[in-house]
Amino acid sequence: MHKESEIRDPLILGNKTYHDITRDIARPVEGKANKYWWILFGLSVFLFLWGVGCMAYTIGTGIGAWGLNKTVNWAWDITNFVWWIGIGHAGTLISAVLLLFRQKWRMAINRSAEAMTIFGVVQAGLFPLIHMGRPWLAYWVFPFPNEYGPLWQNFNSPLLWDVFAISTYLTVSTVFWYIGLIPDFAMIRDRMSKTISPMKKKLYTLLAFGWSGRAKHWQRFEEVSLVLAGLATPLVFSVHSIVSMDFATSIIPGWHTTIFPPYFVLGALFSGFAMVETLLIIMRKVVNLEAYITIKHIEYMNVIILFTGSLVGTAYITELFMAWYSGVAFEQYAFINRATGPYWWAYMAMMSCNVIIPQLYWIKKVRTSFIATFILSIFVNIGMWFERFVIIVTSLHRDFLPSSWTMFSPTFIDIGIFLGTIGFFFTLFLMYARTFPVVAQAELKTILKSSGSEYKNKSHE
Amino acid sequence: MNKKVLYAIFDDEEILLKSVKELRSKDIAIEEVYSPFPVHGLDHALGFKETRMAITAFIYGCVGLAFGALLIYYIMISGVGKSWPMNIGGKPNWTFYHNFPAFVPIMFECTVLFAGHLMALTYFFRNQLYPGATTASPDPRTTDDKFLMEIVVDGDDKEMRKLLSDTGASEINEKDSNDK
């Protein structure tokens with residue numbers, strides 16, 4: 001059996017047995033939702049419906065309903081798109097990269113992080129969809145045999161790379177997630193026999209795909225998980241690299257930089273982990289998972305946030321240096337304008353939330369506190385939204401001809417759609433938290449004896 | 001013949017593993033083992049061959065790569081009924097290798113798309129997992145905290161029962177003959 005070092009902190013607290021894990025993970029599914037869940041759910045659905053209304057208005061009226069103009073022809077839509085895609089990145093990093101590195105602490109949080117990924121990518125996908133103006137023709141982005149010429153896509157364009165990257169990312173992440181879910185759905189299905197809910201039992205029988213836990217199936221399960229992790233790891237790096245190329249392959253000063261792919265990937269991991277923390281710190285309380293999502297898990301994530309946050313800060317400074325060093329007046333002005341122009345406050349928000357505030361995690365007290373982590377994670381979420389806003393809007397609003405310089409301000413509809421996606425995201429996540437096994441319990445049982453606090457104490461004696 | 005199917009239940013994976021090794025050393029055939037989580041080393045103890053899932057993924061990945069390359073070649077370079085390559089933004093597509101760097105991202109995505117999905121489908125197919133399948137283990141507790149070993153005995157089962165409980169089985173049940 002695998003042995004863990006004794007000085008390593010336990011990942012499962014309390015005197016848990018295998019049966020306790022089963023019971024704890026099945027409880028939210030079998031129980032009734034409390035008042036707070038309904039309040040949050042109601043609020044999310046309300047925001048979502050508001051967003052749907054704003055989207056319908058956009059499609060009925062046209063993109064003129066947004067605050068865009070001839071100079072700033074891309075603003076909140078693409079900002080929100082990149083923000084949501086970035087949030088999606090932590091899920092795959094936790095489930096795939098940490099699996100390859102054999103990081104055991106991923107097991108308590110990978111399920112929820114992957115759910116967040118999938119729901120985040122769904123929100124991201126909505127923005128290009130409605131920006132098309134005629135979303136019912138969205139399938140035109142895929143190459144299919146047609147009689148319009150034939151009319152094909154441009155495979156040299158990063159926008160088409162995005163189509164392929166994001167659809168691959170969304171579908172492969174979903175499959176990876178679902179393969180892990182099957183044994184846990186089977187666990188819930190097998191417990192249902194004791195309760196009296198035939199509809200629920202039928203549903204979970206359907207979802208469990210007839211899983212029985214045969215030894216050969218487990219062998220294949222482990223191999224498939226490992227290979228999918230190996231496939232998802234380069235995938236996750238490719239997706240945000242390609243998103244960054246939407247900007248980097250253009251000739252706009254401020255966008256045309258080779259640092260963008262790694263810079264965007266790091267920023268995505270940074271914001272993704274912040275969102276995982278925001279969600280999990282609430283969830284562990286609401287569905288009583290304090291024994292499984294411990295302060296140690298939060299601390300590990302905080303260390304990653306500190307590391308990626310510092311790298312993001314390095315990227316910001318590198319960008320400034322390269323602008324000066326390039327000797328190109330337009331490039332230099334783009335960055336001076338970012339920091340001191342009319343959008344200086346957005347630049348300050350980005351710098352303080354992403355570079356300065358995460359440095360507090362050097363202090364052990366801060367990074368091992370749930371409340372401090374929760375507050376800091378909100379700062380990072382906001383900061384990363386501003387990062388994308390700064391890159392997109394401040395690079396565009398003062399372009400080559402001063403006569404066309406202008407400002408951007410969002411309309412009621414812009415704000416409504418953004419809030420709507422936040423509502424949609426939380427609606428999905430709240431429904432998930434009540435109907436899915438939120439922790440990969442089958443995997444968690446494999447580390448109970450090496451990382452459970454009770455077993456660790458026993459081996460110590 | 002008087003065949004009986006025994007279900008030996010174990011409480012702990014280490015005891016199960018020991019029992020499996022003991023039975024295998026005595027050349028007793030173990031029909032099946034059901035467990036709530038992957039037990040490390042159980043596949044070797046049962047004498048399973050390595051699974052070939054990773055090999056299928058590699059083959060599917062090659063198929064995806066070829067598909068992506070051919071798709072791009074057809075659309076951008078040599079489409080049927082097209083007398084010249086596409087010229088987009090002053091960047092013509094004369095040959096495949098001139099434009100190769102721009103084609104890498106989509107070829108990569110096609111590789112991952114094919115490898116991931118087709119391997120998952122193969123996995124579902126080989127394990128006979130599909131929505132609506134109702135197969136489950138003989139004892140619902142095996143998705144919770146129990147480990148079940150299924151053994152077929154010909155004739156007298158006393159000896160086998162003793163052996164199983166000696167190696168640590170916490171309970172031994174017999175398959176109901178009315179069950180299918």
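Basis for what follows: all heavy atoms, side chains included, without hydrogens, waters or symmetry-related copies. Reminder, nothing fancy here: chain letters follow the sequence lines and each chain counts from 1.
When each of B:Glu150, B:His40, B:Met119, B:Arg52 is scored by its heavy-atom pairs under 4.5 Å with chain A, the top score falls to B:Met119. Interface check for chain A: of the options B:Ala115, B:Pro105, B:Gly116, the most heavy-atom pairs under 4.5 Å are formed by B:Pro105. For the options A:Leu207, A:Thr205, A:Thr171, heavy-atom pairs under 4.5 Å to chain B are most numerous at A:Thr171. Options B:Gly61, B:Pro101, B:Gly68, B:Ser35 differ in how many heavy-atom pairs under 4.5 Å they form with chain A, and the most are formed by B:Ser35. The candidate with the highest count of non-hydrogen atom pairs below 4.5 Å against chain A, out of B:Thr142, B:Ile106, B:Asp43, B:Leu113, is B:Ile106. Between chain B and the residues A:Phe155, A:Trp211, A:Phe164, the most heavy-atom pairs under 4.5 angstrom are made by A:Phe155. Highest contact tally toward chain B, considering only A:Glu223, A:Gln219, A:Met187, is held by A:Gln219 [criterion: heavy-atom pairs under 4.5 Å].
Below 30°, between 30° and 60°, or above 60°: for A:His89 and A:His240 the angle between ring planes is above 60°, a perpendicular geometry.
Heavy atoms closer than 4.5 Å to chain A are found nowhere in B:Phe58, neither backbone nor side chain. Only the side chain of A:Val175 comes within contact range of chain B, with at least one heavy atom under 4.5 Å from a heavy atom of that chain. Proximity to chain A is limited to the side chain of B:Leu71, based on heavy atoms less than 4.5 angstrom apart. Within the 4.5 angstrom heavy-atom criterion, only side-chain atoms of B:His117, from C-beta onward, approach chain A. Only the side chain of A:Ile242 comes within contact range of chain B, judged by heavy atoms closer than 4.5 Å. At a 4.5 Å heavy-atom cutoff, the contact between B:Asn127 and chain A is made by backbone and side-chain atoms alike. Using a 4.5 Å cut-off between heavy atoms, B:Leu46 contacts chain A through its side chain alone, with no backbone atom that close. Residue B:Gln128 touches chain A through its backbone alone, counting heavy-atom pairs closer than 4.5 Å. Of the atoms belonging to B:Ala57, it is side-chain heavy atoms, and not backbone ones, that fall under 4.5 Å from chain A. Of the atoms belonging to A:Ile182, it is side-chain heavy atoms, and not backbone ones, that fall under 4.5 Å from chain B. Residue A:Glu222 touches chain B through its side chain alone, counting heavy-atom pairs closer than 4.5 Å. Heavy atoms closer than 4.5 Å to chain B are found nowhere in A:Pro158, neither backbone nor side chain.
Ring pair B:Phe125/B:Tyr130: centre-to-centre distance not below 6.0 Å. Taking the six-membered ring wherever Trp is involved, the centroid distance between the rings of A:Trp218 and A:Phe221 falls below 6.0 Å. The distance between the ring centers of B:Tyr34 and A:His217 does not fall below 6.0 angstrom.
We find that A:Arg27 and A:Asp24 are joined by a salt bridge, their nearest charged nitrogen and carboxylate oxygen being less than 4.0 Å apart. Of the charged side-chain nitrogens involved, at least one lies within less than 4.0 Å of a carboxylate oxygen, so that A:Glu443 and A:Arg106 count as a salt-bridged pair. The pair B:Glu22-B:Lys18 does not count as a salt bridge, with every side-chain nitrogen at least 4.0 angstrom from each carboxylate oxygen. Under 4.0 Å is where a charged nitrogen must lie from a carboxylate oxygen, and between B:Glu171 and B:Lys146 no such pair does.
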Go through the steps for B:Arg161 and B:Glu174 under the test salt bridge (charged side-chain N to carboxylate O under 4.0 Å, His left out), then give the verdict.
-> CA-CA 10 Å; B:Arg161 279 173 184 269; B:Glu174 197 174 319; 3.0 Å; yes
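No side-chain donor-acceptor contact under 3.5 Å links A:Arg220 to the backbone of B:Met53. No donor-acceptor pair closer than 3.5 Å links the side chain of A:Trp255 to the backbone N or O of A:Thr249.
In this structure, the side chains of B:Ile9 and B:Arg141 come closer than 4.5 Å at one or more pairs of heavy atoms.
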